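Notes to accompany the following structure.
Computed from a predicted structure; not experimentally measured.
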Amino acid sequence: MKAICLDDEELIMNLTVSMCREIKHIDRVDGFTEVKEALEWLETHPVDIAILDIDMPEMNGISLALLLKMKNPDISIIFVTGFPEYAVDAFKMHASGYLMKPISKDRLEKEIEFVAETRKVERPYGSHIVAKTFGEFDIFVDGKLVTFKRAKSKELLAYLIDRQGGSVTRSAVFSVLWEERDYDRTMQKQLDVVIRSLKDTLQEYDISEILSIERGSLAVKKDLIDCDMYRFLKGDTEAINSFRGEYMNSYSWASITEGFVTSLLNS
């Protein structure tokens, strides 16, 4: 996994980077003391984990984490701070870890191991394509995590999977992806870019067959996807037991399905 460390105190940043380089799950780690510099670097260098200080002069670490999640929903966040009062806010945004300074290599390694484990996926029934919707949304091909060049493309696929194979018009897709925008010519072109990016990603992983586009409507071929939510609805015990009340956490529109699945569990 690739990681960044961001702390406005250079000594602590260098120490954290040094510890990360000794942890087997980390292939590469880069350190920064300024938010602006880190954001510029991330524009061209995707990472799996961001290890962030919270109390920084340029931007609060929690605000930065939310920004990073918007740009890349796949990124895992580990907070490192000297202030315990931030813990509630950190866990509200589903941070992967929260460490109090001074940290030790052992504690950091345990948090990174947790991230590594959550990124693994078992392929039930030998499935080729697996969609994980309980918690954060991810999709895997032969056990490998699919990464998306555009966050909106990933959200589009998530929404189509949520629709369980039902066709969705372009205008309906737009209203989900951009709730506050008008569906004008400029935004129609933006939607074209998102759809094209999704198609390119699916082609890259050789799973183009899961997406159907006909007469301006989009759908996924649900029979080709092993999805925890689909198995839940079929009464699969393993899927039922894996649901912890969270469904596609990154997307506000997913709360409707989350409430529905929760009601089924409690009925």
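- Between Phe134 and Ala239, the shortest heavy-atom distance links the atoms CE1-O, 3.4 Å.
- Distance alone, capped at 3.5 Å, is enough to place a donor-acceptor pair between the Thr262 side chain and the Glu258 backbone.
- The shortest distance between side-chain heavy atoms of Ile4 and His45 does not fall below 4.5 Å.
- Interatomic distance, CD1 of Ile51 versus CG of Leu99, reported as 8.5 Å (0.5 Å rounding).
- Few gaps surround CD1 on Ile213; more than 12 heavy atoms of other groups in view lie less than 6.0 Å from it.
- Here the closest heavy-atom approach between residue Met1 and residue Ala116 is recorded as CE-CB, 3.9 Å.
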- Item | side chain to side chain contact (heavy atoms under 4.5 Å, CB included) between Tyr205 and Thr147, worked out | CA-CA 10 Å; Tyr205 288 86; Thr147 58; 3.2 Å; yes
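- A pairwise comparison of heavy atoms in Ser197 and Lys149 identifies OG-CB, 4.3 Å as the closest pair.
- The side-chain heavy atoms of Leu68 and Leu39, taken from C-beta on, include a pair separated by under 4.5 Å.
- No side-chain heavy atom of Leu224 sits less than 4.5 Å from a side-chain heavy atom of Ile207.
- A side-chain hydrogen bond (donor to acceptor under 3.5 Å, both in side chains) check over residues 2-13, counting only residues at least two apart or in different chains, returns the pairs Asp7-Lys101.
- Going from atom CG of Leu156 over to atom NZ of Lys199 covers 11.5 Å, rounded to the nearest 0.5 Å.
- Nearest heavy-atom pair across Cys20 and Leu108 is SG-CD2, 3.9 Å.
- Within the 4.5 Å cutoff, the side chain of Glu22 has no heavy atoms near those of the Glu109 side chain.
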I'd like a table of donor-acceptor pairs (distance under 3.5 Å, sequence neighbours excluded) in which one partner is a side-chain atom from residues 159-172, with atom names and distances.
| unit_1 | atom_1 | unit_2 | atom_2 | d |
| --- | --- | --- | --- | --- |
| Asp162 | OD1 | Tyr247 | OH | 2.8 |
| Asp162 | OD1 | Thr257 | OG1 | 2.6 |
| Thr169 | OG1 | Ser171 | OG | 3.2 |
| Thr169 | OG1 | Ala172 | N | 3.1 |
| Arg170 | NH1 | Asp192 | OD1 | 3.0 |
| Arg170 | NH2 | Asp192 | OD1 | 2.7 |

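- By the rule that hydrophobic residues join a cluster once side-chain heavy atoms approach within less than 4.5 Å of another member, Leu265 and Val261 end up as members of one cluster.
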- Let me see the working for Leu66 and Lys69 under side chain to side chain contact (heavy atoms under 4.5 Å, CB included), right down to the final yes or no. CA-CA 5 Å; Leu66 291 171; Lys69 280 283 190 180; 5.6 Å; no
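- Rounded to the nearest 0.5 Å, atoms CD1 (Ile75) and CG (Leu42) are 6.0 Å apart.
- One hydrophobic cluster, built from ILVMFWY side chains closer than 4.5 Å, cannot hold both Leu6 and Ile12; they sit in different ones.
- Ile256 and Met229 fall into different hydrophobic clusters, where Ile, Leu, Val, Met, Phe, Trp and Tyr are joined by side-chain heavy atoms under 4.5 Å apart, directly or via other members.
- Aromatic ring orientation, Phe32 versus Trp41: tilted (interplanar angle from 30° to 60°).
- A donor-acceptor distance shorter than 3.5 angstrom exists from the side chain of Ser153 to the backbone of Val194, with no hydrogens or angles considered.
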- Task: Start with the C-alpha gap between Val141 and Asp206, add the side-chain angles, then the distance that decides, and say whether side chain to side chain contact (heavy atoms under 4.5 Å, CB included) holds.
- Result: CA-CA 9 Å; Val141 177; Asp206 198 24; over 6 Å; no
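- Taking the side chain as every heavy atom from C-beta outward, Ser252 and Glu179 approach each other to under 4.5 Å.
- Under a hydrophobic-cluster definition in which Ile, Leu, Val, Met, Phe, Trp and Tyr are linked whenever side-chain heavy atoms come within less than 4.5 Å, directly or via other members, Ile49 and Leu15 are assigned to the same cluster.
- For the pair Lys36 (side chain) and Glu40 (backbone), a donor-acceptor distance under 3.5 Å is absent.
- Enclosure of atom CD in Gln188 by more than 12 non-hydrogen atoms of other residues, nucleotides or ligands within 6.0 angstrom is indicated.
- The shortest non-hydrogen separation linking Ser212 to Lys221 is CB-CE, 4.2 Å.
- Under the ring-ring contact (aromatic ring centres under 6.0 Å, His included) criterion, Phe174 pairs with Trp178, Tyr183, sequence neighbours left out.
- Of all the heavy atoms in Phe137 and Ala131, the pair that sits closest is CE1-CB, 4.4 Å.
- Interatomic distance, CG of Asp182 versus CE of Met187, reported as 9.5 Å (0.5 Å rounding).
- Applying the 6.0 Å contact sphere to CG of Asp27 captures more than 12 heavy atoms from other residues, nucleotides or ligands.
- Rounding to the nearest 0.5 angstrom, the gap separating the CD atom in Glu246 from the OG1 atom in Thr133 is 12.0 Å.
- Residue Glu209 places its CD atom among more than 12 non-hydrogen atoms of other residues, nucleotides or ligands, all under 6.0 Å distant.
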- Could you please spell out the steps behind the side chain to side chain contact (heavy atoms under 4.5 Å, CB included) verdict for Val80 and Cys5? CA-CA 10 Å; Val80 178; Cys5 299; over 6 Å; no
- Message: Run Lys152 and Glu155 through salt bridge (charged side-chain N to carboxylate O under 4.0 Å, His left out) and show every step you take.
- Response: CA-CA 5 Å; Lys152 288 293 186 185; Glu155 184 176 1; 3.8 Å; yes
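- The shortest side-chain heavy-atom distance between Leu145 and Asp48 does not fall under the 4.5 Å cut-off.
- From Ile77, atom CD1 reaches atom CD1 of Ile62 across 11.0 Å, with rounding to the nearest 0.5 Å.
- Under the 4.5 Å side-chain contact rule for hydrophobic residues, Val193 and Leu198 do not share a cluster.
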